[in-house]
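Worksheet: the structure to be examined is printed underneath.
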Amino acid sequence: MSSPPRLIILQLSLLLLFIIAPQRLEGQLEEWCIADEQVPDDELQRALDWACGKGGADCRKIQVKQPCFYPNTVRDHASYAFNTYYQKFKHKGATCYFNSAAMVTALDPSHGSCKFEYVP
């Protein structure tokens with residue numbers, strides 16, 4: 001029989017696993033596309049401009065007075081735009097690349113009233 005501290009640690013570990021484990025929808029991992037933390041702002045800005053322009057991402061929610069404007073950083077705005085593009089076009093073969101400025105995550109990057117879309 002496990003001692004109480006071991007049992008508590010095991011229970012807490014299992015609880016954390018369920019809380020932070022990637023969510024699954026119909027057996028498929030949920031994925032979001034976000035800006036890579038190591039990419040300089042000038043590179044992110046170029047990729048953001050492309051995503052919101054020729055890329056066809058819906059960037060209305062990162063405009064002033066919209067739910068994803070804050071935090072008002074290139075990285076945060078790029079993450080929202082990259083994800084919008086990725087979710088909109090991934091079923092047509094689009095990737096989360098943006099000239100190495102982006103990466104896929106299984107953790108929902110939504111925050112406050114800013115909800116990052118996920119399309120199964």
Side-chain angles (χ1 to χ4, degrees):
M1 183 172 190
S2 294
S3 64
R6 278 190 173 172
L7 184 58
I8 290 171
I9 290 171
L10 177 62
Q11 289 173 333
L12 288 173
S13 297
L14 288 172
L15 178 62
L16 281 173
L17 179 64
F18 286 109
I19 290 172
I20 64 172
Q23 298 174 345
R24 294 181 182 265
L25 187 63
E26 297 175 17
Q28 187 177 13
L29 281 178
E30 292 184 5
E31 294 180 335
W32 292 266
C33 180
I34 60 170
D36 187 323
E37 291 286 327
Q38 298 178 4
V39 175
D41 281 357
D42 61 324
E43 289 181 41
L44 290 177
Q45 186 65 58
R46 282 191 293 275
L48 170 62
D49 291 344
W50 181 88
C52 293
K54 290 181 182 177
D58 182 355
C59 297
R60 290 177 289 186
K61 289 187 180 177
I62 56 174
Q63 301 302 313
V64 176
K65 297 185 181 178
Q66 295 303 309
C68 297
F69 180 72
Y70 291 108
N72 182 15
T73 68
V74 172
R75 187 165 320 285
D76 286 285
H77 288 184
S79 288
Y80 186 84
F82 294 171
N83 187 66
T84 299
Y85 170 86
Y86 180 64
Q87 299 300 332
K88 184 175 181 181
F89 297 113
K90 67 183 177 184
H91 295 297
K92 295 180 181 180
T95 63
C96 176
Y97 181 67
F98 296 94
N99 204 25
S100 294
M103 57 188 270
V104 171
T105 183
L107 298 174
D108 184 350
S110 298
H111 50 88
S113 62
C114 180
K115 303 302 179 205
F116 277 57
E117 180 180 11
Y118 168 74
V119 176

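FYI, the numbering just counts along the sequence from 1. Please read all numbers here as calculations on a predicted model, not as lab measurements.
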Side-chain touch [X]/[Y], heavy atoms, less than 4.5 angstrom:
{"X": "Ile62", "Y": "Leu48", "answer": "yes"}
{"X": "Arg46", "Y": "Asn99", "answer": "no"}
{"X": "Trp32", "Y": "Glu117", "answer": "no"}

Got a second to check how far Asp58's CG is from Gln87's CD, nearest 0.5 Å?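 Asp58 atom CG to Gln87 atom CD measures 13.0 Å (nearest 0.5 Å).
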Check [X] against [Y] and note the closest heavy-atom contact, atom names and distance.
{"X": "Ser100", "Y": "Val39", "result": "O-CG2, 3.6 Å"}
{"X": "Glu31", "Y": "Lys90", "result": "O-NZ, 4.5 Å"}
{"X": "Cys68", "Y": "Lys115", "result": "SG-N, 4.2 Å"}
{"X": "Phe89", "Y": "Gly55", "result": "CE1-O, 3.2 Å"}
{"X": "Ile34", "Y": "Cys96", "result": "N-SG, 4.2 Å"}
{"X": "Cys114", "Y": "Pro67", "result": "CB-O, 3.5 Å"}

Check for a donor-acceptor pair, side chain of Arg75 on one end and backbone N or O of Pro40 on the other, with a separation under 3.5 Å. no
Between Lys88 and Gly56 (side chain of the first, backbone of the second, donor and acceptor by atom type, cut-off under 3.5 Å), is there such a pair?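 The answer is yes, because a donor-acceptor pair under 3.5 Å joins these two groups.
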Transitive ILVMFWY side-chain link Val74 to Tyr85, under 4.5 Å: yes
Is it true that Phe98 and Tyr80 fall in one hydrophobic cluster, defined by side-chain heavy atoms closer than 4.5 Å? no
Test item: side-chain donor near acceptor, Gln45 and Asp41, under 3.5 Å: no
How would you list, by chain and number, every residue that makes a ring-ring contact (aromatic ring centres under 6.0 Å, His included) with Phe69, sequence neighbours excluded?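 ring-ring contact (aromatic ring centres under 6.0 Å, His included) list for Phe69, sorted by chain: His77.
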Please find out if less than 6.0 Å separates the ring center of Tyr86 from that of Phe82. no
Give a yes or no on this: more than 12 heavy atoms of other residues, nucleotides or ligands lie within 6.0 Å of atom OH of Tyr70. no
When the ring planes of His111 and Phe116 are compared, do they come out parallel, tilted or perpendicular, using 30° and 60° as the limits?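 His111 vs Phe116 ring planes: tilted.
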